[in-house]
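Atom set for the values below is all heavy atoms of this structure, side chains included, hydrogens, waters and symmetry mates excluded.
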Amino acid sequence: MENLDALLLARIQFAANITFHILFPTITIALGWVLLFFKLRFVKTGQQHWMDAYQFWVKIFALTFALGVVSGITMSFQFGTNWPGYMEKVGNIAGPLLAYEVMTAFFLEATMLGVMLFGRERVSERMHTTATLLVAGGTTLSAFWILALNSWMHTPAGFEMIDGKAHVTNWLEVIFNPSFPYRFTHMMLASGLTAAFLIAGVSSYRWLRSERGAEVVAGIKTGVYLAAFLIPLQIIAGDLHGLNTLEYQPAKLAAMEGIWETQKGVPAVLFALPDEKTRTNRYEIAIPKLASLYLTHDLDGEVKGLNDFKGKHPPVAPVFWAFRIMVGVGMLMLLVSWASAYQLKPWKKQAPTLPASRGSLPPQGAGLAWGGPALAATQPQLTVWHARILVGMTFAGWVALVAGWYVTEIGRQPWLVSGVLTAADAASKVPAPKIALSLALYLTMYAALITAYISVVFYLARHKKHADKPLGDDAALEHQLNVLNYTEKAGVPNA
């Protein structure tokens, strides 16, 4: 234990915390807007399956929101325990931005989420829809403030140093710093893709369990079409973000690309084993001049190498491989989403479904038009193997997201705030064994929580029950009836 590096352990502990925490806001940011889409479709068409989808996914939203809140609290503790130098030096900037996130976003989300979950029978339909809109807006506003601070740490602006502490000179420059527009856009699209594959994957899981009703089909289509639409935008946003990184953080970009020497006509390294001792790439497979083309949009464009930043560049191998994992998963998302969209054939017209009043039962024999199980027979169907692929991709967004954040955060090293504060200068004097003990406890707890979360998501998918009570006097029926898959029984009252 005496040989442990306290700084390294503190960095690993914060990395573990942010890795676990970011999984959940990434889902809720986009899922809030998907819930609003489901609700607006229900309000416009009156078709019950849209409300069924809303009621199912709002439960997963609430579960995800709760885990995001509790995991965020543990991160804030570490500013005091492991990184006191951070708040001491840049607290005049970080403190207000974090406070804005709590006051303008978190309180809004937490309050309106209660209306979404428990208020539909107590408020008007319009108020319930407004609550959904406010929650969706609150999640995005929360991300706005957090990403403004994170981006400022990468490309600080709008401040001056007085007696060793950062003081704001222009809040607009602090918030809208050079990397913020690119990072915010990139993160919003990443959130959309994460939620899209979650919806498509869980809905496909239900489809494989012979739930072929309109709600499940709508979930598959929503997830697949959203992913197919967003992934090209994410590729474009990633390219623009890369150009911004080339300008403001060239050492990070050199590590991402595995470029050691400054040169023109830089090749794109597809595979290599970066070796920091020899400062070369072993077993390199590269395409000549391609990196210069997509980084500078010029085949002979010049890109700075890592040797220009000796002692001031990030560890190369983690950044190099995390970048390739992110890109590889992104390409897989493109392939799966477009192939799935083609198989679902959105250009083919579907049979209409009849509107339903709140909590109403379908008329006997309605079947096809009502949007019950019979509707699935007329819908373009996934093959079983394709549905299994979508299930396998359920949490693909998490993999790409975590890899991308490792590129971003490890790529900033050795700086905590670029050019202002290093990680070593911000670290506390807490002994390494104590950090190691708390790290072990964190990892154990996070492993249990993530396992429980995934288990509960699929448990909900297996035991889906509609939240609204159907009309009628039969109390037993309220517990047995799934609005998605009505059984046509004699004597069932119609609303």
Trainee: Between Phe159 and Trp152, is any pair of side-chain heavy atoms under 4.5 Å apart?
Mentor: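 Phe159 vs Trp152: side chains touch.
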Trainee: More than 12 heavy atoms of other residues, nucleotides or ligands under 6.0 Å from OH of Tyr459: yes or no?
Mentor: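 Open.
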Trainee: Show, in sequence, the C-alpha distance, side-chain angles and deciding distance for Tyr54 and Met116, and conclude whether the side-chain contact (heavy atoms from CB on, under 4.5 Å) test is met.
Mentor: CA-CA 10 Å; Tyr54 180 96; Met116 287 174 63; 3.5 Å; yes
Trainee: Classify the angle between the aromatic ring planes of Tyr86 and Phe79 as parallel (below 30°), tilted (30 to 60°) or perpendicular (above 60°).
Mentor: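 Plane angle under 30°, so parallel.
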Trainee: Please report the shortest heavy-atom distance between Ala166 and Ile93, naming the atom on each side.
Mentor: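 Of all heavy-atom pairs spanning Ala166 and Ile93, the closest is CB-CD1, 4.0 Å.
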Trainee: Once you measure the plane-to-plane angle for Phe61 and Phe65, does it fall in the parallel (<30°), tilted (30-60°) or perpendicular (>60°) bin?
Mentor: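 Ring orientation, 0 to 90° scale: parallel.
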Trainee: Can the ring centres of Tyr446 and Phe20 be said to be less than 6.0 Å apart?
Mentor: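 Yes, ring centres under 6.0 Å apart.
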Trainee: Tell me whether Trp398 contacts the main-chain N or O of Leu23 through its side chain, where contact means a donor paired with an acceptor under 3.5 Å.
Mentor: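 Such a contact is found between Trp398 side chain and Leu23 backbone.
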Trainee: Tell me, please, whether Phe320 has Arg324 positioned over its six-membered ring: NZ or CZ under 6.0 Å from the ring centre and within 45 degrees of its axis?
Mentor: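 Judged by the rule (NZ or CZ under 6.0 Å from the ring centre, within 45° of its axis), Arg324 counts as positioned above Phe320.
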Trainee: Within the structure provided, determine whether Ile175 and Leu149 are in side-chain contact (heavy-atom separation under 4.5 Å).
Mentor: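 No, every pair of side-chain atoms sits at 4.5 Å or beyond.
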Trainee: Decide whether Thr245 and Tyr182 meet the rule of one side-chain donor and one side-chain acceptor closer than 3.5 Å.
Mentor: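 Judged by distance alone, the side chains do not pair up.
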Trainee: By the salt bridge (charged side-chain N to carboxylate O under 4.0 Å, His left out) test, which pairs, at least two apart or in different chains, include something from residues 227-237?
Mentor: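 Qualifying pairs: none.
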Trainee: Is there a donor-acceptor pair closer than 3.5 Å between any side-chain N or O of Asn307 and the backbone N or O of Trp260?
Mentor: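 Looks like yes, one N/O pair under 3.5 Å.
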Trainee: Look up atom CE in Met187 and atom OG1 in Thr140, then write down how far apart they are to the nearest 0.5 Å.
Mentor: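 These two atoms lie 11.0 Å from each other.
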Trainee: How would you list, by chain and number, every residue that makes a ring-ring contact (aromatic ring centres under 6.0 Å, His included) with His313, sequence neighbours excluded?
Mentor: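 His313 satisfies ring-ring contact (aromatic ring centres under 6.0 Å, His included) with no residue once adjacent residues are dropped.
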Trainee: Taking only Lys NZ, Arg NE, NH1 and NH2, and the carboxylate oxygens of Asp or Glu, determine whether Asp300 and Lys264 approach each other closer than 4.0 Å.
Mentor: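 Salt bridge flag = no for Lys264 with Asp300.
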Trainee: Are the aromatic rings of Phe458 and Tyr205 close, with centres under 6.0 Å apart?
Mentor: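 Yes, they do, as the ring centres are separated by less than 6.0 Å.
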Trainee: Under the side-chain contact (heavy atoms from CB on, under 4.5 Å) criterion, do Trp207 and Leu390 qualify, and how do the steps go?
Mentor: CA-CA 11 Å; Trp207 187 88; Leu390 287 174; over 6 Å; no
Trainee: Check whether Asn281 reaches the backbone of Glu284 with its side chain - one donor and one acceptor, N or O, closer than 3.5 Å.
Mentor: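 No: the side chain of Asn281 does not pair with the backbone of Glu284.
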Trainee: Does the side-chain contact (heavy atoms from CB on, under 4.5 Å) test come out yes or no for Phe180 and Leu147, once each step is laid out?
Mentor: CA-CA 7 Å; Phe180 172 74; Leu147 289 170; 4.2 Å; yes
Trainee: Using the benzene-type ring in the case of Trp, are the ring centres of Trp321 and Phe271 under 6.0 Å apart?
Mentor: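 Centroid separation for Trp321 and Phe271: below 6.0 Å.
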Trainee: Is Arg279 paired with Glu261 through a side-chain N to carboxylate O contact shorter than 4.0 Å?
Mentor: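 Answer for the salt bridge query: no.
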Trainee: Closer than 3.5 angstrom, by distance alone: can the side chain of Asp239 be matched with the main-chain N or O of Ile236 as a donor-acceptor pair?
Mentor: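 Pair absent, no side-chain N/O of Asp239 close to backbone of Ile236.
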